[in-house]
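All values reported here derive from a predicted model rather than from experimental measurement.
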Amino acid sequence: PRRSRRRKSVAIAYDPEQGDGVEPQRPRWEPRDWQEQLKRIREMRRSRDAPVDEMGVDKCYDTSAPPQVMRYQVLLSLMLSSQTKDQVTSAAMLRLRQRGLTVDSVLQMDDATLGQIIYPVGFWRNKVKYIKQTTAILKEKYGGDIPSTVEELVQLPGVGPKMAHLAMNIAWDSVSGIAVDTHVHRITNRLKWVKKETKYPEETRVALEDWLPRDLWREINWLLVGFGQQTCLPVNPRCSQCLNQDICPAAKRC
């Protein structure tokens with residue numbers, strides 16, 4: 001069929017000398033200088049003093065709660081964190097936990113009260129609706145727990161791919177994919193860690209997972225989010241303070 005011929009011709013284009021009917025192994029694309037860039041970012045993040053380190057989602061849940069409750073709190077903090085600073089998410093989660101944050105307590109809470117507690121997280125009115133809808137689904141379909149697959153998580157109202165991969169990582173201790181938020185999306189494009197510029201975080205995730213070694217997938221979100229909060233800012237990045245200034249493709253434009 002035409003499709004199989006096309007696949008074969010693409011593979012051969014990468015390694016024209018290999019024959020004997022053996023499927024040629026395509027050399028994996030890697031960005032230039034990425035290992036050195038990563039090493040220097042780790043050095044810049046060594047102090048672990050960015051907002052994500054002190055108030056990130058993995059610091060928002062009650063570690064002494066039963067596992068099912070803990071997982072629910074992780075998911076809720078991820079839902080609140082969308083387009084919201086870590087400081088605001090952390091404060092909202094603390095207020096919720098002070099009232100006993102469980103599936104049942106949220107279901108018993110009226111929308112107005114929930115809104116007052118989580119305000120001023122971004123898009124708090126929508127999040128009240130999503131939280132109530134998702135919590136009801138968790139109660140009815142999952143016995144009060146959260147799903148253990150990305151496919152099921154993204155079906156929940158208000159839960160996107162980034163949240164799903166972080167939930168798998170934090171709540172289930174499973175690396176299902178790279179969690180790409182605005183920081184990871186911005187920085188990997190600046191560093192040219194994608195073959196061609198990507199427009200959306202989900203595009204970036206697919207591009208990164210194509211080449212980045214899997215044993216780095218868990219680390220990369222935490223590493224780049226903190227780097228984006230402190231150094232590689234969305235506007236006016238602090239290139240003069242960055243150890244990668246000499247090997248960053250975007251440094252001259254900063």
Hey, what do you get for [atom1] ([X]) to [atom2] ([Y]), rounding to the nearest 0.5 Å?
{"X": "Tyr119", "Y": "Arg95", "atom1": "OH", "atom2": "CZ", "answer": "10.5 Å"}
{"X": "Thr198", "Y": "Leu208", "atom1": "OG1", "atom2": "CG", "answer": "7.5 Å"}
{"X": "Leu216", "Y": "Asn221", "atom1": "CG", "atom2": "CG", "answer": "13.0 Å"}
{"X": "Leu166", "Y": "Asp58", "atom1": "CG", "atom2": "CG", "answer": "9.0 Å"}
{"X": "Leu224", "Y": "Ile187", "atom1": "CG", "atom2": "CD1", "answer": "5.0 Å"}
{"X": "Glu36", "Y": "Leu38", "atom1": "CD", "atom2": "CG", "answer": "9.5 Å"}

Considering residues, nucleotides and ligands other than [X], do more than 12 of their heavy atoms fall under 6.0 Å from its [atom1]?
{"X": "Asn236", "atom1": "CG", "result": "no"}
{"X": "Lys132", "atom1": "NZ", "result": "yes"}
{"X": "Arg99", "atom1": "CZ", "result": "no"}
{"X": "Arg46", "atom1": "CZ", "result": "no"}

Looking only at atom types and distance, does a side-chain atom of [X] sit under 3.5 Å from a main-chain N or O of [Y], one as donor and one as acceptor?
{"X": "Ser77", "Y": "Val74", "value": "yes"}
{"X": "Trp172", "Y": "Thr149", "value": "no"}
{"X": "Ser64", "Y": "Asp62", "value": "no"}
{"X": "Trp217", "Y": "Leu212", "value": "yes"}
{"X": "Lys127", "Y": "Leu80", "value": "yes"}
{"X": "Asp53", "Y": "Ala50", "value": "yes"}
{"X": "Gln230", "Y": "Val225", "value": "no"}
{"X": "Asp181", "Y": "Val184", "value": "yes"}
{"X": "Gln37", "Y": "Cys248", "value": "no"}
{"X": "Arg71", "Y": "Ala171", "value": "no"}

Does the side chain of [X] come under 3.5 Å of the side chain of [Y] through a donor N or O and an acceptor N or O?
{"X": "Asp104", "Y": "Thr102", "result": "no"}
{"X": "Thr204", "Y": "Thr188", "result": "no"}
{"X": "Gln229", "Y": "Asp86", "result": "yes"}

Transitive ILVMFWY side-chain link [X] to [Y], under 4.5 Å:
{"X": "Leu191", "Y": "Tyr200", "answer": "no"}
{"X": "Val57", "Y": "Met55", "answer": "no"}
{"X": "Ile220", "Y": "Val52", "answer": "yes"}
{"X": "Ile247", "Y": "Leu243", "answer": "no"}

Is the closest side-chain heavy-atom distance between Leu153 and Met168 below 4.5 Å?
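Result yes, sub-4.5 Å side-chain heavy-atom pair found.
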Do Lys195 and Trp211 have side-chain heavy atoms sitting under 4.5 Å apart?
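No, side chains not in contact.
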Charged N-O contact under 4.0 Å between [X] and [Y]:
{"X": "Asp246", "Y": "Arg40", "result": "yes"}
{"X": "Arg42", "Y": "Glu219", "result": "yes"}
{"X": "Glu209", "Y": "Arg205", "result": "yes"}

Relative to Trp222, does Arg45 satisfy both conditions: NZ or CZ under 6.0 angstrom from the six-membered ring centre, and within 45 degrees of the ring's axis?
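Yes, Arg45 and Trp222 form such a contact.
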